[in-house]
Each structure stands twice: as structure tokens, then as C-alpha cells.
2 protein chains.
Amino acid sequence: MHQNPVQPLIDQLSALPGIGQKSAERLAYFFLSLPQADVGRFTETLTHIRRHIRYCERCFNLSLSQYCSICEDTSREANVLCVVAQPKDIGAIERMRQFQGRYHVLGGLISPLDGIHPELLRINELQRRLSEEPVKEIILAINPTVEGDATILYLSSVLRQYSVTLSQLAYGLPMGANIDYTDEITLRLAFDGRNPIQGAPQ
Amino acid sequence: MHQNPVQPLIDQLSALPGIGQKSAERLAYFFLSLPQADVGRFTETLTHIRRHIRYCERCFNLSLSQYCSICEDTSREANVLCVVAQPKDIGAIERMRQFQGRYHVLGGLISPLDGIHPELLRINELQRRLSEEPVKEIILAINPTVEGDATILYLSSVLRQYSVTLSQLAYGLPMGANIDYTDEITLRLAFDGRNPIQGAPQ
């Protein structure tokens, strides 16, 4: 059988998530239709970001340098911390253009079935920040799912010993929704309606 | 507003056909989750193929060298030519593992509304091949669309002067089709092209 010269590219594209055989073919032929300079710009962007991407050493957001641009921004409030599961969630919250505090990325949610136990999340790092930074309020911006609820429950018991106000986003979010996919207005309502957590210090 | 360090990659991915904003984000974060070596292999494949891809000088299939692997394959029959619109179509026909002849890629279909007139297609090149190669049969494997029909009509008048057998692919029901859901034109073509059943009384 004839070996299509484009096949290696199609094969690698079809290994990407959400890209089937037909989409991979379409993408491959699209790349071939682009000027070489455009393809070069794309591969350089991909290579550069993949090579230099790292976690912010303070909040664990994605960053191209030691600290992310939010941690470096001295105009952001240092006394409000928004705790999220993934760096992606920060993008959604920033698009809301309302939250002026800083972030802390847990790196996941508690999910014993998937082997994600609390010690795998950056909770120790969060506690260290609470003892070093002038944090007065923590907003848990965590997906309203089983794993999210478990994580909120765990965090609220761990954080009880600190004199911070702990709140979670309002359930303006429909159950099962994903913060990453939520529109800005719903997200803003959820921020505005955040509720104190029962039993936590107010 | 915080500049997501991954944004340039997301922007370039979302410019690809069939990739929306959310798919672009998912792909970008997937690339970041891959080992650098895998990303390097991908960008090298893309760069290499884009840099070296060209048209076969005989049949205008895509190739990484002067002639494509099908034209270089001396075991392929030189007297049957399959005419297709695009290099992609060759892949589908090769997967059938039945056709043993060679190809000729027109580079499109006649479509006056899109400004694609016959002289933009590689019809002169086809005629030159007919005078140089021992072609006895031409199979037009052209999409059954308005543009395809126009192209078949035009080619059949141009090729009339050559002593070659000219055929086009059969129209009819695709395998697995449901007659109930088949459009009228396909059904009519399937009726018109009905074939006698082997061994049944005629």
C-alpha cells in the first residue's frame, strides 16, 4: 500500500485529545496550505511555551518565569486569596475582571477513586502562605462536583485554625458544571453570592 | 488583565479549522502536559513535512520527492489512470486496496462561482500524459456534486479525441444505508443503475 507522505503528521495529530482521524487529516492538509513562515511561527510558539512553562513558585499558576504575572503585580490585593483546582480556572476568573486578589492553585481535587488524596494537593503550600502572607479572606472557587465538595470539606477543616474568612462560590452555578466553561456573568454572580462555610471561623 | 502565558499558543490553535476557543485551550494544555521530547517530535514532523512537501511532477499527488511513491512504483499498472480532484482522495482509494493503476490529481473541480475555471485545473497536464504514457482506461473518481458533474462533463468532451475508455464511479446506495432515509436523487440513480442479480432469472 502507498505510504501517504503526510501520514506521520496525520498520525500525530490524531493522537491529540478530541481530534479524530478526519479532523487530523483536515488539520494536516491545512498546515500544508499555510505559508512556511506561519507554520514556523506556530512550532516556535509551541516549542517556546512548552520549554519555558513552569509553575509560579508562590501560587502554582502557570508561568514563564519564577513568579506569575499576577503574583508579580503589586496592585493586586495580598489579603484575599482565591483557591482554584487548576491554572485554567484562573483564566475564567480573570476574564470576569472583578477579582483583585491573588490565587492559589491546588493542582487537582480530592478524588480517592482516582488516587488523588489530600496530600497530593498543594495544601501544605497554602498553609505556609497563610503563615507568611497577610491573608484575611480565602475564596474557594472549586467546581460544584462530588470531588469539589470533598475538597471544600477537607479544606474547611484544615483552615479552621487560621483566622481567615473562608467562603465558597454561591451555587448560582448549576450542579455538575465546570468553572472553566462558565460564562462571565454567572461566574460574577457566584462570586458576589459567596457564602460563609458552616463551622469555619467567621 | 492578567496575560495567560499560554494565550499565544491558544490563539494560534484556535485559528485552525474546526478548532474553537475551548478545543484550543484543551489542546494547548494537553501539549503542555506532554514531555518536551514528544512536543519536539511533533514540531519536527510538522516542520519537515511542510518544508519538503511538493507536488509529484507526473501525477500532482503530494510527495516529498520529485515523483510520488505511486509513480515510482513500477509494479503499478501504467495503462489505467484514476483522475481525482485532490491528493486526499488518493488516500481513500488506496485504503480500498484494490486499484492497481496510477493517478492524476486535477487540483480542484470546475466551479465558476468560486472562480475555478477549467484552465485552472491540471487538464493540459492530463492530456500531455495521455500522449506520452500507454494509458488505455481513465476512471473519473470525482465527487457526485454540481461541481463534480460539471468537471466530468467537461473532461468527457476534452478526452473524446483520445482512444481511451472513460468511466466514472457508480452512483447508488452507500453500504449500510437505509432506503427510508436516502434522498430522492440517490435513490433514483440507484434505480437507474440497477444491476442484474447473478443466477436469478432475467
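Excluded from the calculations below are hydrogen atoms, water molecules and symmetry mates; all remaining heavy atoms, backbone and side chain alike, are included.
The environment of OH in A/Tyr55 is sparse: at most 12 heavy-atom neighbours from other residues, nucleotides or ligands sit within 6.0 Å. Counting non-hydrogen atoms of other residues, nucleotides and ligands closer than 6.0 Å to NZ of A/Lys22 gives a total of 12 or fewer. Counting heavy atoms of neighbouring residues, nucleotides and ligands inside a 6.0 Å radius, atom OH of B/Tyr29 exceeds 12 of them.
Contacts between B/Phe31 and chain A at a heavy-atom distance below 4.5 Å involve backbone atoms as well as side-chain atoms. Using a 4.5 Å cut-off between heavy atoms, B/Ser23 makes no contact with chain A at all. The contact between B/Ala15 and chain A is made entirely by backbone atoms, counting heavy-atom distances below 4.5 Å. With a threshold of 4.5 angstrom between heavy atoms, B/Leu34 approaches chain A through N, CA, C or O but not through any side-chain atom.
Here the CG atom belonging to B/Asn4 is positioned 9.0 Å from the CD1 atom belonging to A/Ile90, to the nearest 0.5 angstrom. Summarising the geometry, atom NZ belonging to A/Lys88 is positioned 8.0 Å from atom CZ belonging to B/Arg26; distances are rounded to the nearest 0.5 Å.
Of residues 39-53 of chain A, those residues with a non-hydrogen atom less than 4.5 Å from any non-hydrogen atom of chain B are, in numerical order, A/Val39, A/Arg41, A/Phe42, A/Thr43, A/Thr45, A/Leu46, A/Thr47, A/Ile49, A/Arg50, A/Arg51, A/Ile53. Within residues 103-140 of chain A, no residue has any heavy atom less than 4.5 Å from a heavy atom of chain B.
For the options A/Val6, A/Leu16, A/Asp38, A/Leu13, heavy-atom pairs under 4.5 Å to chain B are most numerous at A/Leu16.
Taking both residues in full, the closest heavy atoms of B/Leu62 and A/Pro5 are given as O-CG, 3.4 Å, listed atom of the first, atom of the second, then distance.
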